[in-house]
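For the numbers below, each heavy atom of this structure counts, side chains included, while hydrogens, waters and symmetry mates do not. Note that the structure is a prediction, hence the values are computed from the model and not measured.
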Amino acid sequence: MLSSDRLLAFAAMSFLLIVVPGPSVLFVIGRALAQGRRAALTTVVGNTVGAYVLVVAVALGVGSVVERSVLVFTALKLVGAAYLVYLGVRAWRKRGSLQAAVGADGSAHRGGLRTLWEGFAVGVANPKTMVFFAAVLPQFVDRAQGHVVVQMLVLGLVFNLIAVACDSVWGLAAATGRDWFARSPRRLSLVGGIGGLTMIGLGVTVAATGRKD
């Protein structure tokens, strides 16, 4: 199985990738600003499940198809980008109604499954994670030890544990700042608009992200 050196090296590289805000982190921040702590953490869980689906895909060989095919990669990227823009526009349009949706605990009342699904959709369509798993994860597998699929799944689990911790910190920090805005309808509307614009900008950025080939 995997040696401790390989695990530590992969964990270090994963951490460096994760701490730099990408589509998933910015989406979590946008959710925290627009809907509060609970929605942010639910989004983190959805993102993690989506990211692990990518791990499974890479372990089963599907990831190599995405990594090698410009057409498939571009299609997935544009679908993810369009979904982000859609969510951002919806958040912007509903920014004025946030005050009525905020409960006494400062969190927005929202369907947990819906929020989870939205986080999952962003996580599974994240181009940064997709390329990392397809191009980097296989390099840390010790094929001489066998059980290649299991090794990839373990490495993916390490990545996702780090991602959950880091993304949760981002989400909680953003939600804490939101609590101050929640004391004023005008300020809350402002932060809801910022969250929506963040997601729209993120979607445009993802759509414009190219490949070296």
Side-chain angles (χ1 to χ4, degrees), residues 14-15 17-55 80-126 128-129 156-203 205-206:
S14 298
F15 178 76
L17 176 82
I18 292 167
V19 294
V20 177
S24 293
V25 170
L26 294 178
F27 186 68
V28 169
I29 292 174
R31 271 289 180 260
L33 291 176
Q35 297 170 20
R37 184 177 296 106
R38 181 179 302 174
L41 294 179
T42 303
T43 300
V44 169
V45 174
N47 271 332
T48 303
V49 175
Y52 202 74
V53 168
L54 295 179
V55 174
Y83 191 63
L84 283 169
V85 171
Y86 162 73
L87 293 176
V89 170
R90 191 176 66 184
W92 171 265
R93 293 180 62 184
K94 294 184 177 182
R95 67 191 186 282
S97 60
L98 284 177
Q99 185 67 30
V102 174
D105 61 348
S107 60
H109 297 302
R110 182 184 180 82
L113 289 178
R114 183 176 180 179
T115 302
L116 186 71
W117 162 251
E118 291 173 350
F120 171 84
V122 172
V124 80
N126 185 342
K128 185 176 78 169
T129 306
L157 183 60
V158 170
F159 179 95
N160 279 280
L161 289 174
I162 297 173
V164 166
C166 292
D167 292 0
S168 295
V169 170
W170 280 108
L172 292 173
T176 299
R178 177 185 182 272
D179 290 341
W180 178 79
F181 286 95
R183 300 190 186 104
S184 165
R186 180 176 297 180
R187 289 190 301 225
L188 187 61
S189 177
L190 174 64
V191 78
I194 292 174
L197 290 176
T198 298
M199 284 182 277
I200 293 173
L202 176 59
T205 301
V206 169

Intermediate values then yes/no, side chain to side chain contact (heavy atoms under 4.5 Å, CB included), V45 and F120: CA-CA 8 Å; V45 174; F120 171 84; over 6 Å; no
Would you check, one step at a time, whether the test side chain to side chain contact (heavy atoms under 4.5 Å, CB included) holds for D167 with I18? CA-CA 8 Å; D167 292 0; I18 292 167; 4.2 Å; yes
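Considering all non-hydrogen atoms of both residues, G123 and L54 come closest at O-CD1, 3.7 Å. Contact detail for S14 and I162: the closest heavy-atom pair is CB-CD1, 4.3 Å. Nearest heavy-atom pair, A32 versus A40, reported as atom, atom and distance to 0.1 Å: CB-CB, 3.6 Å.
Among N47, L41, T42, the one residue that satisfies the side-chain contact (heavy atoms from CB on, under 4.5 Å) test with V28 is N47. Applying the side-chain contact (heavy atoms from CB on, under 4.5 Å) test between T48 and each of N160, L161, V53 identifies N160 as the sole match.
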